[in-house]
There are 2 protein chains.
Amino acid sequence: MPKLGMEPIRKAALVKAAIVEIGRAGSLDVTVGQIARRAGVSTALAHHYFGSKETLFLAAMRHVLALYGAEVRGALAVARGPRGRVQAIVAASFSPANFRREVVGAWLNFYVLAQTVPQARRLLTVYQRRLQSNLTHALRPLAGARAPDLALRLGALIDGVYLRQALTTDAPDGAAAVATVMAALDCALQEERS
Amino acid sequence: MPKLGMEPIRKAALVKAAIVEIGRAGSLDVTVGQIARRAGVSTALAHHYFGSKETLFLAAMRHVLALYGAEVRGALAVARGPRGRVQAIVAASFSPANFRREVVGAWLNFYVLAQTVPQARRLLTVYQRRLQSNLTHALRPLAGARAPDLALRLGALIDGVYLRQALTTDAPDGAAAVATVMAALDCALQEERS
DNA sequence: AGGTTAATTGACTTGTCAATCAACAAAAAC
DNA sequence: GTTTTTGTTGATTGACAAGTCAATTAACCT
């Protein structure tokens, strides 16, 4: 049965399964067995490729963060004008891919993981810094010296709206989320002009 | 050794110990043994009074939420003017008691608990609704019909700023947090006036 | 004094799960 | 055609933790 070149395929499947299981369970209390079963392999294989549950979790985090980063870059590439760039970042944060219940649940638990696992914290910190930096650059032409402060505010607002999604039973509404954040932006810009 | 009327004392001690341990561990992965030891009792006693780990966690949540609610009410009682009322709510959210690392860590994990335990979700939902309602009432004289929308935005911003505290290694800075939120408020009010 | 009740615990049961290991299958290399 | 490498798993181990129980101590009541 063994075919060659399985490693990347299995790893990818396990990472994806881990995200799904964490999202479904809404907790990091998922067994390697659950993840492996969903990926269609044995627990031993999961350990074979990742060495430990923690490593697998970290790989899952990296995957989610990478997806998000790619989405932001993609949206930025086609965005026009400073305000368009900000909107691109916000919209990417609430894109259907990132704003699904299971993904939000996984994010929430990655925050928890970051409390205990230094490497997880580092990953999240890097993400946050990059978001902050992206927002600041996009805001610079609009808000000048106040750009960093505004970026902080908008970044926190994005996180907050995201977090609240974890509580509501309703289906996620990305458009409404974007509208909320963009309204805050416009109000800040109006303040700027005056 | 047994003195009478221990129940409320033990329960309180266990609840407090649970919050501390959850905050310290940064995760719900704390054993009843750890909590009991910190409270100075045996694991059996913890089960005797609470019946299950989950019930103990729910009691801890209720305690944190009650503390927060009391702080908000207290601040509202002495606040003057509509803007003062908003500031009171915000300041209570970032008061030294609520903005300590361990408490923030506990909050974060209560969000996680709410993913799995319906009653935990109900508790958090009630808190959020009350915060929303308080903010809306305070904002009504300032923002009129836009009060609900603004309350939503400010509420999410509070949550976001709070969440970010869970990641930084720095000591919490409640004043800066309040400033961030109040800046957003002022900017929205300025928009209103124009 | 004797019975009831609250407080308290150590020992035990039961279950679970991460991680390991020994073994097997097939492709590749020689 | 044997040997090595890669993929794969069932079975096992060792640790740990939630929840139970029977037994103990002391206060309270009458």
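Hydrogens, waters and symmetry mates play no part in the numbers below; they use all other heavy atoms, side chains included. Here is the naming used below: chain letters follow the sequence lines, and residue numbers restart at 1 for every chain.
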A/I9 CD1 - D/dT8 P separation (whole Å): 9 Å
Donor-acceptor pair, side chain of B/H63 and main chain of B/A59, under 3.5 angstrom: no
d(CD, A/E21; P, C/dC17) in whole Å: 12 Å
Rounded distance in Å - CZ (B/F57) to P (D/dA17): 12 Å
Listed nucleotide nearest any side-chain atom of A/K53, set D/dA18, D/dT9, C/dA18: C/dA18
Plane angle bin for B/Y127 and B/Y68 - parallel if under 30°, tilted between 30 and 60°, otherwise perpendicular: perpendicular
Separation of atom CG in A/L14 from atom C1' in D/dG7, rounded to whole Å: 13 Å
Sugar-phosphate only, base, or nothing, as touched by A/T43 at under 4.0 Å among non-hydrogen atoms: nothing
Pair A/F99 + A/Y162: ring centers closer than 6.0 Å: yes
Nearest to side-chain heavy atoms of B/H47, which nucleotide of C/dA19, D/dT8, D/dG19: D/dG19
Length of the line joining B/F50:CZ and C/dA7:C1', which is rounded to integer Å: 15 Å
A/E7 CD - D/dT8 C1' separation (whole Å): 13 Å
N/O (side chain, B/R10) to phosphate O (OP1/OP2, C/dT8) under 4.0 Å: yes
Selection from D/dA18, C/dT9, C/dT8 that lies nearest to any side-chain heavy atom of B/V32: D/dA18
Nucleotide nearest A/T31 (side chain, heavy atoms from C-beta), chosen from D/dA18, C/dA18, C/dT9: C/dA18
Sugar-phosphate, base or nothing in reach of A/S42, heavy atoms under 4.0 Å: base
Side chain of A/A44 - closest among C/dC21, D/dA17, C/dA18: C/dC21
Side-chain N or O of A/Y49 closer than 4.0 Å to phosphate OP1/OP2 of D/dT8: yes
N/O donor-acceptor pair under 3.5 Å between A/N98 side chain and A/V103 backbone: no
B/R38 atom CZ, over 12 foreign heavy atoms within 6.0 Å: yes
Gap between atoms CD and C1', on B/E54 and D/dA18 respectively (whole Å): 13 Å
Protein-nucleotide distance (B/I35, atom CD1; D/dA17, atom P), rounded to Å: 12 Å
